[in-house]
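Within every chain, numbering begins at 1; the chains are lettered A, B, ... in the order of the sequence lines, protein sequences first and strands thereafter.
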Protein chains: 2
Amino acid sequence: MRASDRAYRALREEILDGVLAPGAALAEVEQANRLGVSRTPVREALARLEADGLATAASPRVLQVSELSAASITALYELREALEEQAARLAAMRREPERFAGLRSRLQLSPGQLASGDEGGLRDYYETVDALDAELDAAVANPLLIGALRNARLHSARVRRLARQHPERLRAAASEHLLIVEAIIAGDASLAAHATHVHLHMSLRHALASIEARQPDGHRVA
Amino acid sequence: MRASDRAYRALREEILDGVLAPGAALAEVEQANRLGVSRTPVREALARLEADGLATAASPRVLQVSELSAASITALYELREALEEQAARLAAMRREPERFAGLRSRLQLSPGQLASGDEGGLRDYYETVDALDAELDAAVANPLLIGALRNARLHSARVRRLARQHPERLRAAASEHLLIVEAIIAGDASLAAHATHVHLHMSLRHALASIEARQPDGHRVA
DNA sequence: TCTTCCCGTTATGTATACACTACGTCGGGT
DNA sequence: ACCCGACGTAGTGTATACATAACGGGAAGA
């Protein structure tokens with residue numbers, strides 16, 4: 001694999017996991033030494049991170065890990081609302097129910113798996129959600145929309161790892177996802193979009209409450 | 001200005017204008033020689049173009065100007081629908097009518113200016129549309145959404161320059177824009193979104209008809 | 001004659017040297 | 001004591017040399 005890809009993935013993973021905290025400086029030489037590659041691939045990786053919105057140019061000379069505030073999370077959900085409702089709507093309109101049949105079965109089992117409380121059930125649920133994303137991408141068959149969705153998912157992953165997920169929330173999310181999938185299978189574009197809206201609304205409420213509980217002072221997270 | 005920025009803008013402009021036709025190869029050394037800079041800034045420019053979706057990696061070694069087919073134009077409008085309806089909705093919800101008052105006046109004058117048939121009126125209309133975009137950005141105040149919108153506008157500009165604009169279509173577009181602005185000023189988020197949907201629908205119909213008329217064989221444009 | 005393998009060419013991928021600019025700091029002046 | 005300016009430093013911006021891998025052509029074998 002190319003060194004620039006490795007550098008990009010390494011830095012991205014560290015940003016998503018919070019190892020590189022919001023506001024942390026991303027200097028070329030420093031990261032090059034740390035990652036064991038030269039400045040050239042690091043430079044490319046940093047440019048990609050900036051394009052992703054995971055890094056922000058604070059000044060002409062300093063690049064920082066993007067902040068993650070309640071405001072930016074709300075902004076993310078405004079974008080997700082636009083993109084994911086459209087994706088659900090289009091997926092329903094494409095009329096490929098067989099593509100989502102397996103997901104329906106998996107999502108029907110999810111509440112039970114999550115109730116068991118073991119780690120495996122949780123990992124399995126996340127895999128199911130990833131599979132749903134993949135099937136949505138395949139169904140909408142729209143490179144531009146998929147690209148925008150992928151970028152939004154990047155930020156979503158960052159929020160997800162910041163906001164601890166309670167089992168009850170995950171079970172609710174699974175049933176919300178199930179409704180979306182059933183609407184798509186039924187070819188009901190309107191319901192698919194509205195169910196997505198509901199899901200995002202609940203998810204945002206939970207995320208904001210979760211980080212509020214963790215950081216009563218909003219500025220600490222800012 | 002940085003050489004990488006100049007290279008990026010030069011290449012982007014050439015792609016949007018069709019000087020670099022869809023499918024044209026974008027080789028580092030060739031473009032570096034042509035633009036009079038070294039490979040390094042060209043490399044950065046090409047990476048940005050690929051991130052924008054204006055260039056596509058056909059194989060691990062060759063980067064090409066992205067194709068512009070009826071399918072990709074339809075896909076672009078599916079994305080614009082998602083983003084611009086949301087932007088209009090949010091702009092209406094932000095309740096900053098004074099921000100759009102000037103635009104309303106300008107759009108009310110546009111049909112007359114476009115009717116006069118001179119070049120100045122047309123250029124003035126495009127400036128008004130750009131100003132509308134800028135005010136929308138300022139009103140939604142959402143960096144992620146703005147980023148996605150900017151990218152969509154890039155592709156829109158490419159389509160616009162491909163599809164010749166008839167004066168009658170431009171006058172209709174101006175009145176569609178006026179309705180959107182009035183809805184935003186009135187704080188009617190639903191109307192703003194629906195008016196945007198209508199505008200995009202009409203715009204897509206015109207764009208597809210226009211390129212169909214120019215290239216009866218759909219594959220020529222592909 | 002077609003297919004396949006090998007080699008040369010040419011492109012990209014990476015490292016590094018050099019140039020330049022922005023920022024901080026120190027000194028002098030007011 | 002505060003402010004302004006100049007200098008040094010550190011980091012990015014660019015160019016280029018080298019490494020590497022993919023693609024095409026040609027030759028040999030089936």
Check your understanding: Under 3.5 Å, side chain of Ser156(B) to main-chain N/O of Ala152(B), donor-acceptor pair present?
Key -> yes
Practice item. Answer yes or no: is there a donor N or O on one side and an acceptor on the other, between the side chain of Asn33(A) and the main chain of Val29(A), under 3.5 Å? Key: yes
Exercise for review: Report yes or no: do Tyr8(A) and Asp52(A) form a side-chain donor-acceptor pair below 3.5 Å?
Suggested key: yes
Check your understanding: Closest approach of Pro97(A) and Ile185(A), non-hydrogen atoms and distance?
Key -> CB-O, 3.7 Å
Point to revise | Distance (rounded to the nearest 0.5 Å) between Arg80(A) CZ and His155(A) NE2 | key: 12.0 Å
Exercise for review: Please check if the side chain of Ser110(B) supplies one atom and the backbone of Ala174(B) the other of a donor-acceptor pair under 3.5 Å.
Suggested key: no
Study note, to complete from the structure: When rounded to the nearest 0.5 Å, the distance separating CD of Glu84(B) from CG of Leu145(B) is 10.0 Å
Practice item. Using whole Å, report how far CG of Leu26(B) lies from C1' of dT12(C). Key: 14 Å
Identify each atom pair where a protein N or O and an N or O of nucleotides 20-23 of chain C are less than 3.5 Å apart, giving names and distance.
from    : atom 1 : to       : atom 2 : distance (Å)
dT21(C) : O2     : Arg61(A) : NH1    : 2.8
dA22(C) : O4'    : Arg61(A) : NH1    : 3.2

Check your understanding: When you list every nucleotide of DNA chain D with an atom under 4.0 Å from a heavy atom of chain A, which one comes first 5' to 3', and which comes last?
Key -> dA10(D) to dT14(D)
**Study point:** Selection: residues 28-51 of chain B, any non-hydrogen atom under 4.0 Å of DNA chain D
**Key:** Val37(B), Ser38(B), Arg39(B), Thr40(B), Pro41(B)
Point to revise | Any Ser4(A) side-chain nitrogen or oxygen under 4.0 Å from OP1 or OP2 of dT14(C) | key: yes
Exercise for review: Measure from the side-chain N and O atoms of Thr196(B) to the backbone N and O of Ala88(B), and report whether any donor-acceptor pair falls under 3.5 Å.
Suggested key: no
Review point. Would you find a donor on one side and an acceptor on the other, under 3.5 Å apart, between the side chain of Ser4(B) and the backbone of Glu44(B)?
Key: no
Review point. Do any N or O atoms from the side chain of Gln165(A) and from the backbone of Ala163(A) form a donor-acceptor pair under 3.5 angstrom?
Key: yes
